[in-house]
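Computed from a predicted structure; not experimentally measured. Both counts, for ligands and for their atoms, begin at 1 and track the order of listing. Both backbone and side-chain heavy atoms feed into the values below; hydrogens, waters and symmetry mates do not.
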Amino acid sequence: MNISDLRRELDLDHAAQEIYQFAAELYPICRSITGNGFRQTLSQTQSHIPLTLYEVPSGTQVFDWTVPREWNIRDAYVKNSQGDRVIDFQKSNLHVVNYSIPVHQKMSLEALKPHLFTLPDRPDWIPYRTSYYKDSWGFCLTHQQLLNLPEDEYEVCIDSTLEPGNLTYGEYYLPGETADEVLISCHACHPSLANDNLAGIAIATFLAKQLSQIARRYSYRFIFIPATIGSITWLSQNEDRVDNIKHGLVLSCLGDSGKSTYKKSRRGDTEIDRAVLHVLQHSGQEFEAIEFFPYGYDERQYCSPGFNLPVGCLMRTPNGKYREYHTSADNLEFIQPIYLKDSFAKCLAVFSILEHNKTYLNQNPKCEPQLGKRGLYRAIGGTSGSGVSEMAMLWTLNLSDGQHSLLEIADRSGSEFDDIKKAADALIENDLLKELL
Ligand code: ZN
């Protein structure tokens, strides 16, 4: 079974339910760029794919960065003088500024206020804040909650540890016919945030699961890393391997109702860029293509000038472009199976192009071969008896001069890749086309 068979036979609705379910299972975990929440996320991912976990000690130098101390948290709260938890980490892990240092003291509202973060224009949402590289502490709460806090003596407790430990990442390598690799990368360091984090993790997991069950031309490497420091660490520890990466995708924000967005690689015209854009152009839906810029997700590191890898980023609504971004409203209602399904199917379509995109040589280049005598041409035009488009065959024959891949032929002829692939298969079967090796 290859990827075309898989795309034909896979029950996408069922897959989308499983993807959503997995995101829902991971949702409550308090993740961060290091620590047990990240490990627990990877260990739950292992119930679907045999991820290998790597631990990189705090203090390890990774290019210009240093692997930070490991952060763990058991509990956090602000109690009023009656002993009621007015801010409670147990209700939402977003209530604590991620990477807060431990604190346990009593203080007035006035002393507490500089440590409280809200969204005044979204008074019912809790913001998501981090303090990775600066020792500090704080709480996030709804603006409504803040307005309801009277003058009082508050007991403030963050029961966290920030100590030498490890940065953890997960990797799943699927060998193919060739050592040439497709890299799939997603960040897994955000706590209870669904679209920005879990949608990418869950889709990557189920892509890996499906790809593991079919014959593959390419090798695939799936990595689950903390954003920024994780890709920097991975690149630093795998520098000798990056030459194998021929195509790559960062997956994020794939479960919201917005249109698909593709952020191109720094090079801008690589095969992965063309493959994704081809899929989006033929999806029948609106989409957006954006040029590379050095901000966003881990494509920033893969596309840094010292690597300049062919890695783009597939999203629906991009980070920072939806109101719910980095707030408690990026929750399990914000992502939906129908959108996860669409994103998942698009990823499979992209992989299908990569798997099948070869360059062929027309074996009868002097004038058109006579298709009719081979049963490839019908008197009444359109498609031949085998369901292969005649125009697709003519284009494929004409451009198979060793200079054009099937994807280039599809784009130049305005045909869908799958139609060009079908035409190529029919021509190969009739000895009119041979793979250029
Ligand atoms: Zn984020």
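Between Lys346 and Ser260, the side chains place a donor N or O and an acceptor N or O closer than 3.5 Å (distance only, hydrogens not considered).
Of all the N, O or S atoms in Asp196, the one closest to the Zn ion (ligand 1) is OD2. Sorting the N, O or S atoms of His190 by how far they are from the Zn ion (ligand 1) puts NE2 first.
Stacking of Lys263 on the aromatic ring of Phe292 is recorded, both the 6.0 Å distance cut-off and the 45° axial limit being met.
Using a 4.0 Å cut-off between a side-chain N of Lys or Arg and a carboxylate O of Asp or Glu, Arg7 and Glu355 do not qualify as a salt bridge.
The Zn ion (ligand 1) has no N, O or S atom of His187 inside 2.8 Å of it.
When the options His95, Lys91, Glu155 are evaluated for a side-chain hydrogen bond (donor to acceptor under 3.5 Å, both in side chains) with Tyr77, the one that passes is Glu155.
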